[in-house]
Structure formats: C-alpha cells, structure tokens
Number of protein chains: 2
Amino acid sequence: MTDLVSLADIESAAGRLAGIAVRTPLVPFPQPPGSPSLLVKPESLQPVGAFKLRGAYAAISSLPEDVRARGVVTHSSGNHARAVAYTARAFGIRAVLVMPHTTPGVKVQACQALGAEVVHVEPTSEARVETAGRLAAAHGFTMIPPYDDARVIAGQGTVGLEIVQDLPDARDAADASGDAGAAGDANTDAGADAEAGGDAAPDAVVLVPVSGGGLISGVAAAVKALRPRARVIGVEPEFAADARDSLREGRPVSWAAEETGRTIADALRVQRVGDLPFAHMKAHVDAVVTVTEEEIRGTMRRLAREARLIAEPAGAVATAAVLHHRDELPEGAPYVAVLSGGNVDPALLQEVVR
Amino acid sequence: MTDLVSLADIESAAGRLAGIAVRTPLVPFPQPPGSPSLLVKPESLQPVGAFKLRGAYAAISSLPEDVRARGVVTHSSGNHARAVAYTARAFGIRAVLVMPHTTPGVKVQACQALGAEVVHVEPTSEARVETAGRLAAAHGFTMIPPYDDARVIAGQGTVGLEIVQDLPDARDAADASGDAGAAGDANTDAGADAEAGGDAAPDAVVLVPVSGGGLISGVAAAVKALRPRARVIGVEPEFAADARDSLREGRPVSWAAEETGRTIADALRVQRVGDLPFAHMKAHVDAVVTVTEEEIRGTMRRLAREARLIAEPAGAVATAAVLHHRDELPEGAPYVAVLSGGNVDPALLQEVVR
C-alpha cells in the first residue's frame with residue numbers, strides 16, 4: 001500500500017511555510033441562535049488567492065538546492081500554476097507552465113506577470129502531462145504536480161494543522177500533536193484513526209472542497225491525527241461528484257469533461273481524484289456531500305454580505321454544505337468550512353453581491 | 001497630564017480578547033516589483049465586521065461582575081453600537097443603545113437582532129450623550145463610550161500588538177515586548193519614544209484610519225512601545241480632516257457636520273477626536289495624511305479584486321494612502337494598512353466591484 005502523508009510531514013511543511021503562507025484565522029459565520037457555530041477558514045487571503053500556495057511552496061522548498069536551481073514545470077491552468085509561478089519567483093528560479101491554449105488570457109497574464117514561462121498545448125490532459133514530462137526530461141526541471149504528490153499534500157495539510165490549533169478546546173489536541181510528532185508515524189494507522197472517530201461523538205466537523213483531492217487529503221491527515229474525534233467531509237458540486245462516487249465504489253471513478261464542465265465551480269472540474277489523494281480519502285475522509293449551483297451562488301453572496309469574504313465558486317461549496325445540507329452532516333459543533341480560494345471573475349462577483 | 005494607555009493595559013486586554021476577537025493576519029497586497037511591501041490587516045473579519053469589537057469587549061470584560069450584570073449603555077449608531085450589543089449578548093447582560101432617529105433601519109435591526117434595546121433621540125450629539133448619561137444614572141448601566149475611554153483604547157491597541165507580532169523581523173520586537181511588559185510603564189515616556197523614532201530610519205510604517213481616534217491611539221501606543229523605530233500615520237478623508245488640523249494646532253479642532261457629512265466614509269464623519277485619543281496622538285502619532293473620495297472608491301475596488309477583501313469606505317483609507325500618497329509617507333518598508341471594517345452597503349459594494 002502507498003505510504004500516506006504523516007503528521008510529521010505536514011509539520012515539516014508548516015515550518016517551511018512560516019512567513020510565506022498567510023496564517024489564516026477561523027472567521028465566525030453568523031448562525032441563528034441555537035445552531036452550532038460555523039467557522040470559515042479563508043484561504044482566499046493567501047498571496048495567490050488560494051490554498052495552492054501551500055502545496056506548491058512546500059514541494060519546491062523541499063527540493064535539494066541544486067535540483068531546485070534547475071527550475072520547475074507543471075501542467076495546470078488555474079490556481080496551482082499561479083502558486084508555482086509565485087514560488088519560483090520567490091526562489092529566483094525558472095517556472096514553465098504547460099497550459100491548454102483555451103486558457104483565459106487573464107489567467108495566463110497573471111502567471112507571466114510573476115515571471116513564469118507559459119507553453120500552450122492542445123486542451124487535453126494527455127497533451128499537458130506529456131508536454132510537461134518532456135520538458136522536465138529535456139531541461140532537468142522538477143515536475144510539481146497539482147495534487148497527486150506527497151510533498152504537495154503535506155503542504156495543503158498545513159490548513160488542517162492550523163484548523164486544529166485554532167479550534168476551541170484545542171489545548172488537549174495540541175499536546176497530542178507533540179506526542180504524535182515525536183512518535184513520527186502516528187498518522188499511518190488509518191484503521192485505528194477511523195475507529196477512534198467512529199466510537200465517539202464528533203467534536204468538530206471539517207468540510208473541504210474536493211477536486212483532485214490534494215487539499216482534503218492533507219487536511220484530513222492532519223485533523224485525524226490531532227483530533228481523532230473530528231469528522232472530515234468532502235464537498236463537491238452535484239455536477240462534479242466523482243469523489244463521492246469514488247468513495248462509494250472503493251476506487252477512483254472518472255466523470256466526463258462534459259459533465260464536470262457544467263458547474264460554475266471551475267476549480268472543481270477535475271474529472272477524477274488522484275491515486276495518492278484517493279488513498280488518503282479512503283483512510284481519513286468520512287463522507288462526501290454535494291451542493292447545487294444555486295446553493296453555490298447563494299453562498300458566495302452570503303459570504304460577501306455576512307462574513308465579508310470573497311469566495312470563488314469552488315471556495316463557497318464547503319460553507320454551502322453547512323448552510324443547506326445540515327441534515328446530511330454529522331452533529332457536533334463546531335463546523336469548519338475551508339474557503340479554498342477567492343479568484344472570482346469580477347462580473348460574477350458583481351452578480352452575486354447584487 | 002492625562003495618563004496614557006500603557007503596553008501592560010493593552011496586553012491585559014489582549015488576554016481577555018483571546019478566543020473572542022479574530023486574530024486577523026497581515027495580508028500581502030500585491031505591489032509592483034521594487035516597491036516596498038504593503039500588508040493589510042483586515043479587521044473586516046471580526047464578528048461585527050469591524051475592529052470595534054476589541055474595544056467594546058475589552059471595556060465590558062474589565063468591569064467588576066456585579067457592575068457588568070447591571071447592563072451597559074452607549075451612544076452610537078454604527079459599528080461600536082453593534083460591538084456593544086454583541087458583547088452584551090456574549091455576557092448575557094442588557095445593552096441599551098441611544099441612536100438618532102435618522103439611523104438607517106438596517107443598522108438598528110442588526111443591533112436588535114443581537115438582543116440590544118434601542119432608544120431613539122434627536123440627531124444631535126448632545127441629545128445622545130445626555131440621554132445615555134440619564135439612562136446610566138437611572139438604571140445603573142455602565143457607559144461604554146466609543147473612543148474617549150482608556151479601556152476602549154486598550155482594546156483597540158490589540159490591533160497594534162498583533163501587527164508587531166506578525167511583522168517580518170518581529171522576533172527582536174517580541175523579546176523587547178517581554179522586557180517592556182515586565183517594566184510595566186515602558187510606554188508612558190512618549191518623549192523618549194518619539195526621539196527613538198526620530199533618530200533612526202523607520203523599520204515599518206503603520207497607517208490607521210482616524211475618526212474619534214480610539215483605534216489609532218491604541219495602535220500607536222502598542223507599536224511605539226514595541227517597535228520604536230516604526231512610524232504611525234493617521235489617515236482621514238480630505239472631507240473630514242479634523243485630526244490633521246488638530247495635530248497641526250496642538251489641540252482638538254472640530255469640523256462642522258456639514259463638512260464631514262460629505263465623505264462617503266460614514267464611519268469617519270466624527271467631527272472631533274476625543275480628548276484622551278488626542279493626548280495619545282500627540283505623544284505617538286507621526287503625521288496625518290488625507291485621501292480623496294475617488295481614491296477611497298478605487299481602493300475599495302482594488303482591495304476586492306487584488307486582495308479579496310471587502311472594505312467599507314472608512315476601511316479603505318489607510319490602504320488608499322499607500323497606493324496614492326507614497327510621496328507623503330516616510331520611506332521604510334513594510335507599510336501596514338489597517339482595514340478597519342467591512343460593513344458596506346451592498347449597492348455600494350456592487351458599484352465598486354464593477
């Protein structure tokens with residue numbers, strides 16, 4: 001079986017990310033009296049507007065200096081590409097981004113403004129992966145995959161570390177963290193974790209958007225290691241529910257691009273979770289719930305108006321699950337919703353705040 | 001001379017605010033290559049949408065329990081009233097808010113939804129203060145003033161404490177903090193602070209909106225005690241530059257309501273800084289700069305688009321000063337701009353994100 005990312009891996013990434021990633025707080029979202037509290041973690045406040053900086057920086061900063069100096073390459077058109085470009089600039093190294101030629105110009109320019117080189121290819125995932133691999137081989141670039149990578153997952157896991165640190169009653173959990181870190185492999189016995197979670201009433205429910213699965217993998221690894229009674233729930237658009245199907249069937253299931261393309265949540269259109277993320281999800285994730293397009297838009301509006309947070313559509317799904325699907329979620333306050341990013345088209349933002 | 005709020009007062013308030021106020025991060029605002037960095041502290045993420053929670057909670061939590069149990073009263077129609085209502089609900093005590101009958105219904109309802117009682121009066125500051133005083137005397141309520149109060153200033157000062165903790169190279173400053181705290185009155189010798197600041201090149205420039213002056217007083221007291229080389233700059237709308245005039249003339253100067261009423265920054269229409277805030281400003285604040293209405297709107301737009309932060313007009317002025325008035329500011333990165341609040345009318349938000 002594949003080795004899962006451990007708490008020690010995530011703590012090591014957190015050390016490298018200090019002073020680089022913003023230490024985002026848990027922001028209370030107003031709830032009716034008597035309801036469990038809802039806390040939102042706004043990764044929209046990261047320098048590139050999304051949690052992706054954590055994984056990209058964690059991966060690139062973990063490279064031996066001489067390897068890193070040769071540069072990095074990735075295949076992504078979205079927030080991960082921007083995070084790789086940002087990190088490469090911070091280290092003063094080359095970043096080559098392989099993007100479909102259909103990528104909106106504004107996204108391409110944002111990466112180029114950070115000094116990255118963009119290589120355009122046909123809009124198929126095969127073309128992107130193949131081209132990136134060829135460039136890596138020819139120039140000695142290191143490939144920085146968007147999610148199917150232990151270093152990237154460890155970086156995203158720092159979101160989970162911070163959630164546990166900031167949760168009410170986190171003092172006990174923090175002590176446990178020290179012990180687990182010393183033990184070194186506290187997080188590899190997924191069965192025991194799941195059992196611990198299953199036996200006791202949840203003391204927190206953490207909701208995370210699922211696309212390729214890197215974010216939820218890291219978050220779940222950290223949360224389950226430090227706070228075993230917590231539940232970790234994935235959230236997807238109804239129109240891109242491949243992770244839900246994958247957990248049901250016990251193997252990664254693909255959805256067609258025509259299907260996932262229907263959701264407004266462009267960052268969640270990945271058609272299939274990665275293999276390494278899927279292994280983490282099987283071990284640590286308790287369930288996946290889905291939200292509608294209307295719920296996503298309504299939640300973007302409520303996040304702006306009631307919590308003063310700008311979310312891109314993908315960033316709103318976890319909060320939407322709490323606002324609209326409480327009946328499908330485990331009971332046990334507080335709910336923590338990861339707001340994964342805020343890179344929203346201005347026209348859409350204007351529409352939702354109307 | 002009036003006693004100024006000390007670092008120890010602010011640290012004591014910070015202890016009581018832990019777990020109540022959101023520990024807001026410093027969010028990088030993208031700057032052109034070669035420019036000093038600009039970090040924004042988004043107090044818009046506080047539960048009531050503004051820094052005011054810090055002062056109101058610090059003041060109310062400092063009351064003896066039997067005094068607090070009798071309830072609190074204040075005269076304010078804005079974010080301070082909402083913060084007092086929020087805090088009173090947290091303690092399960094009565095809050096009576098004296099508001100002009102011209103207060104927009106949505107603001108009144110927000111306070112009532114938190115369980116506060118609202119008493120309407122004529123829209124003059126005399127009527128408000130007189131009525132609040134009478135209610136306090138008749139019912140044993142404690143008056144919680146919006147800014148002219150040492151307990152409130154100490155609470156707002158926790159913004160400054162966090163800025164120093166989070167600034168790059170803050171380790172030395174944090175050590176100094178321990179020493180200063182032990183000394184107890186390290187912050188009362190304002191002359192020495194000013195000299196220390198004057199002699200050395202600034203190692204940070206902290207910009208703070210000025211209305212009644214409570215926020216900048218607390219922030220400056222904390223920052224100058226812990227990081228004496230930093231500069232603290234007040235920011236006002238051109239249309240409400242009473243604090244600038246006050247510093248120039250060496251005494252609090254009033255502007256007419258018809259003048260301050262012209263600015264879109266409704267939270268900065270207070271006509272005169274308070275006496276206790278003015279004493280702090282004279283001791284600790286290096287200068288006041290002003291921004292135009294157009295700069296405020298443009299900065300609201302840029303904060304939303306480039307930093308994914310929602311600011312009310314008053315919340316945007318400090319960032320606007322860095323974006324538009326660098327030539328009037330001391331050199332010495334980084335710039336830190338306090339985004340004081342995000343309670344913006346949805347129609348205005350929609351207009352600025354267009």
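Bear in mind that the values here come from a model prediction, so they are computed numbers and not experimental data.
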Notebook entry, point to check: By a 4.5 Å heavy-atom criterion (distance strictly below it), what part of L26(B) contacts chain A: side chain, backbone, both, or neither?
Noted result: backbone

Next item on the list: For chain B, find which of G49(A), A113(A), A347(A) contributes the most heavy-atom pairs closer than 4.5 angstrom.
Entry: G49(A)

Checklist line | Region of A311(B) that comes under 4.5 Å of a non-hydrogen atom in chain A | finding: neither

Checklist line | Choice from P33(A), A307(A), P25(A) maximising heavy atom contacts with chain B below 4.5 Å | finding: P25(A)

Can you check whether chain A and chain B share any donor-acceptor pairs under 3.5 Å, and give the atom names and distances if they do?
| unit_1 | atom_1 | unit_2 | atom_2 | d |
| --- | --- | --- | --- | --- |
| S44(B) | O | R308(A) | NE | 2.7 |
| Q46(B) | O | R308(A) | NH2 | 3.2 |
| R308(B) | NE | S44(A) | O | 2.6 |
| R308(B) | NH2 | Q46(A) | O | 3.2 |

Next item on the list: Give the C-alpha distance, both sets of side-chain angles, the deciding distance and a yes or no for side-chain contact (heavy atoms from CB on, under 4.5 Å) between L45(A) and L45(B).
Entry: CA-CA 11 Å; L45(A) 305 186; L45(B) 305 185; 3.7 Å; yes

Item checked: Engaged part of A304(A) at the chain B interface, taking heavy atoms whose separation is under 4.5 Å -> both

Check: Does the pair I310(B) and I310(A) meet the rule for a side-chain contact (heavy atoms from CB on, under 4.5 Å), with working shown?
Finding: CA-CA 7 Å; I310(B) 294 176; I310(A) 293 176; 3.7 Å; yes

Checklist line | Heavy-atom contact with chain B under 4.5 Å, split by part of V22(A) | finding: side chain

